[in-house]
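Below, read A as the first sequence line, B as the second, and so on, with proteins coming before strands; counting in each chain starts at 1. This structure is a prediction, so every number in the text was calculated from the model and none was measured.
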Amino acid sequence: MKLKSQLNNVIQDAFNKAGIEHAPMSVSEASKPEFGDYQFNGAMALSKKLGKNPREIAQSIIDHLDLSGVLTKAEIAGPGFINLWINPLWLATQAQEALADERLSISRRENPIKVVVDYSGPNMAKQMHVGHLRSTIIGDTLANLLTFLGDDVIRQNHIGDWGTQFGMLIAYLEMKGLEMKGEDGSGSLKDLEQFYKDAKGEFDANPAFANKAREYVVKIQSGDAHCLQLWQKFIDISLGHCEEVYEKLNVNLTRDDVRAESFYNDDLANVITDLQKSDKLQESNGAQCVFLEGDEVPVIVQKGDGGYLYATTDLAALRYRAKELGAKRISYVVDARQAGHFKQVFRVAKEAGFVPEYVKLEHIAFGTMMDKGGKPFKTRDGGTVKLIDLLDEAVVKARETINNKEDYTPEQIDELAKIIGIGAVKYADLAINRESNYIFNWDKMLSFEGNTSLYMQYAYARIQSIFRKFDGQISGDIIIGDELEHRLATMLLRFEDVLNRAAEDASPNQITTYLYDVVTLFMRFYEQNPMLKEGVDESTKMSRLQLADLTAKTIKQGLDSLGIRVVDRL
RNA sequence: GCACCCAUAGCUCAGCUGGAUAGAGCAUCGCCCUUCUAAGGCGAGGGUCUUAGGUUCGAAUCCUAAUGGGUGUACCA
């Protein structure tokens, strides 16, 4: 239900009838309950244009406002605010419809577009570390959201599987005489991070080995079959590690979504020649560059030694996504520190005609994860924290928070700990405005208090508990019986507006903020408006149960977009 | 040097296209469990929205500058 546009339509009607020729600005949520449900602030803005005082304009809008359908009351306040009250009967009907609909009355886009969401992008030479968390879950949320809203989403995992490190790794593999044959051989790569460190150590300490490594790079790049086979095996194992992480994280990335850097290898030379054709290319200090007007530093697309760079790959990828995949929106969920790079690459792509003008290119930037002291998140000895370790720790800590362990079987506790722990990590991250850095805090994220996943899951479980106890058949209609029910219903009907905005801005925290508002309201409703207790008449009981049900479904759907699961019992 | 980002309560953070007395949670202090999960709810205190100008009927929000912090800045990704 697009609540805002419904209300805007009513305002627009009043404008037409009142003979106001300007397009009204959108209504907004009332800042306080006393001010109604929504407010229209456009009268003040029109004052100058119409040469009338704002209260006069507001009055004439109200005089023509239809108060027989969606709205039931409108009042002028202050300098010319129009406070709007939604008709409780209309609210009840809409809530009823939402409840009866699998999609909670959330429409699919009338004009879906193809969207590429590029996220996660781990490097195959190392294990995933905490730095990959945000890209992975923010990107996944965006992809989930857009899919739910009806767009044609193409997830792209642009894994780093090419470059000098791989020469080093394979050379080390050969030197150690290790074979990656089947499952047995892969055992030696169990700890990829250690393997990488050992190889790097050898590379730094042993010049002969370093040369060997460089030779292997050339061999791989020139298509040496043996080396390529080793390389492929290496990638497979490494990707397996990533899939384990995705599985734990409840992230919807599969092998089908992988478009590795190497995928674009054959196109890189074309990128250069095509840039040349469009007269973009200039040689500078031996390198092939694109100089953008107003930019000091050029985009280097080919090194002096003939090698290509990540800008080259990104250009090839952009072109592929626009031309081959037909994307109309391409979203890169990447660390904010790469803002400069993307700004440049996007410009080059458009100026060179690799991507049509109408395609929206966006860098979904996010901030860094910090420790309690506000420093970048590291292990005690200053190393990077492996993502898998962080997630496992989250599950262990979550297990400790489970109160009545005797009520569950060990398997249930395992499952519960996973859902709670992983949910807590994800929610804490997604609840922060994505562009700012955020402080990672176990205690806070695993708390039931405040804007946390546990608080949401708890609310959901409470509702399920009521229905277990009720164990009957719902009948009758939703009736908006008091102020609290009115506000809860209004809040629940805002869901589609929230999802749309969150998708547009790629801001998961708009969803979490909304869910928190929903749950906070529900908790009050729960305290004040009993359902199954003595003395509640049947029709009230049925109505309240349905409001609770719609609340639960909204929580579930909201968390589902974030890739967070709910449980019936906590 | 240049460019970009950030600055809101003691702490962690919301604050949507500018709107009414700037909101949560934690922490502090009260109150509410024989009553649907108290892992909850209600209430109190706590702010020159970094500073100084400007635009506007109206600014935490937009513009300019200063200060403080972060990041990036030619052949890594």
Side-chain angles (χ1 to χ4, degrees), chain A residues 25-26 28-32 34-35 39 41-42 44-45 47-48 53-54 77-81 83 121 123 160 162-165 261 284-289 294-305 307-311 313-314 334-341 343 365 367-368 372 374 401-404 431-433 435-439 441 443-444 447-452 454-455 457-459 461-470 497-498 501-502 504-505 507 509-510 512-513 516-517 520 523-524 526-536 541 544-545 548 569-570:
Chain A
M25 58 185 269
S26 174
S28 51
E29 292 85 39
S31 51
K32 290 176 187 202
E34 307 92 89
F35 298 154
Q39 52 180 289
N41 302 331
M44 278 97 72
S47 172
K48 201 165 260 179
N53 87 58
F81 297 102
N83 295 334
N123 191 309
W162 206 243
T164 45
Q165 311 108 311
E261 281 178 354
S284 175
N285 296 326
Q288 296 299 320
C289 306
D295 277 7
E296 271 184 49
V297 293
V299 182
I300 300 177
V301 289
Q302 190 170 25
K303 297 194 281 187
D305 67 5
Y308 304 109
L309 296 106
Y310 75 136
T313 315
D314 278 341
V334 181
D335 191 291
R337 282 171 290 195
Q338 301 210 27
H341 164 72
K343 213 172 165 186
T368 314
K372 263 185 181 170
T401 71
I402 299 172
N403 266 348
N404 310 310
I432 299 292
N433 181 323
E435 302 205 49
S436 49
N437 295 340
Y438 85 101
I439 301 201
N441 183 335
D443 295 337
K444 209 181 134 189
S447 166
F448 279 86
E449 290 157 340
N451 189 7
T452 64
L454 267 176
Y455 185 67
Q457 287 164 334
Y458 176 57
R462 266 184 142 178
I463 297 170
Q464 301 318 309
S465 166
I466 292 171
F467 278 95
R468 273 196 300 276
K469 184 160 182 174
F470 168 61
D497 286 340
V498 171
R501 264 201 65 97
E504 184 60 33
D505 302 345
S507 298
N509 83 307
Q510 291 184 23
T512 59
T513 301
Y516 183 56
D517 287 343
T520 305
M523 288 294 196
R524 294 176 59 188
Y526 176 91
E527 298 277 337
Q528 291 178 37
N529 298 22
M531 294 165 238
L532 305 181
K533 292 182 184 175
E534 290 289 311
V536 181
K541 172 170 136 185
R544 288 177 180 170
L545 281 170
R569 219 154 56 94
L570 259 188

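- Scored by the side-chain contact (heavy atoms from CB on, under 4.5 Å) test, A/K444 finds A/N441 as partners (sequence neighbours excluded).
- Nucleotides B/A24 and B/G47 place their P atoms 15 Å apart, quoted to the nearest Å.
- Closest to the A/K533 side chain, of the nucleotides B/G19, B/G15, B/C36, is B/C36.
- Per the geometry, CZ belonging to A/R337 stands 8 Å off P belonging to B/U71, to the nearest Å.
- Among the protein residues, A/M523 comes within range of the sugar-phosphate backbone only, with heavy atoms under 4.0 Å from sugar or phosphate atoms but none that close to a base.
- Comparing atom distances between the A/E29 side chain and each of B/C16, B/U37, B/A77 picks out B/C16 as nearest.
- At a threshold of 4.0 angstrom between heavy atoms, the contacts of A/S28 include nucleobase atoms, whether or not backbone atoms are also involved.
- Checked against salt bridge (charged side-chain N to carboxylate O under 4.0 Å, His left out), A/R524 has no partners two or more places apart in sequence or in another chain.
- Using C1' as the reference atom, B/C62 and B/U55 are 8 Å apart when rounded to the nearest Å.
- Using a 4.0 Å heavy-atom cutoff across all strands shown, A/N53 reaches no nucleic acid atom at all.
- Within 4.0 Å (heavy atoms only), A/G304 reaches at least one base atom of the nucleic acid.
- Applying the salt bridge (charged side-chain N to carboxylate O under 4.0 Å, His left out) rule to A/R569 yields no partners; only residues at least two apart in sequence or on another chain are considered.
- Residues meeting the salt bridge (charged side-chain N to carboxylate O under 4.0 Å, His left out) test with A/E504, sequence neighbours left out: A/K360.
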Nucleotide by nucleotide, nucleotides 21-28 of chain B touches protein heavy atoms under 4.0 Å in the pattern (B base, S sugar-phosphate only, - none) B--SSS--
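- Listed pair A/N509 / B/C13 fails the phosphate criterion, with no side-chain N or O lying under 4.0 Å from OP1 or OP2.
- Residue A/I466 has its side chain nearest to B/C36 when only B/A74, B/G19, B/C36 are considered.
- Stacking between A/F81 and B/G19 is absent: the aromatic ring centre is not both under 5.5 angstrom from the base six-membered ring centre and within 30 degrees in plane angle.
- Side chain of A/E527, nearest nucleotide from B/G40, B/C36, B/A20: B/G40.
- Note on A/A365: nothing from the nucleic acid sits closer than 4.0 angstrom, heavy atoms only.
- For the C1' atoms, the distance from B/C33 to B/G40 is 10 Å, rounded to whole Å.
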Write out a two-atom table: protein N or O, nucleotide N or O from nucleotides 1-9 of chain B, distance below 3.5 Å.
residue : atom : partner : partner atom : Å
B/C2    : O2'  : A/E296  : OE2          : 3.3

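- Every side-chain contact (heavy atoms from CB on, under 4.5 Å) that A/D305 has, sequence neighbours left out, goes to A/K303.
- Taking every side-chain heavy atom of A/R468 into account, B/U37 is the closest of B/C57, B/U37, B/A14.
- Interface remark: the A/N83 side chain does form a donor-acceptor pair with the B/A20 base, using a distance-only criterion of under 3.5 Å.
- Within the shown strands, B/G70 is the pairing partner of B/C4 under the Watson-Crick or G-U definition, both distances less than 3.5 Å.
- Judged as a side-chain contact (heavy atoms from CB on, under 4.5 Å), and not counting sequence neighbours, the contacts of A/Q338 are A/Y310, A/V334, A/H341, A/F342.
- For A/S31, whose side chain is taken as the heavy atoms from C-beta onward, the closest listed nucleotide among B/A20, B/C16, B/U12 is B/A20.
- Across all strands, A/N433 comes closer than 4.0 Å only to sugar-phosphate atoms, never to a base (heavy-atom distances).
- Side-chain nitrogen and oxygen atoms of A/R524 include at least one within less than 4.0 Å of the OP1 or OP2 phosphate oxygen of B/C42.
- Judged by atom type and distance alone, A/T513 does not reach the base of B/A14 through any side-chain donor-acceptor pair under 3.5 Å.
- Distance noted for atom C1' between B/G45 and B/A9: 11 Å (whole Å).
- Phosphate contact (OP1/OP2 of B/G41, side-chain N/O of A/Y455, threshold under 4.0 Å): present.
- Taking the side-chain contact (heavy atoms from CB on, under 4.5 Å) definition, one finds that A/A287 meets it with A/C289, A/I300, sequence neighbours left out.
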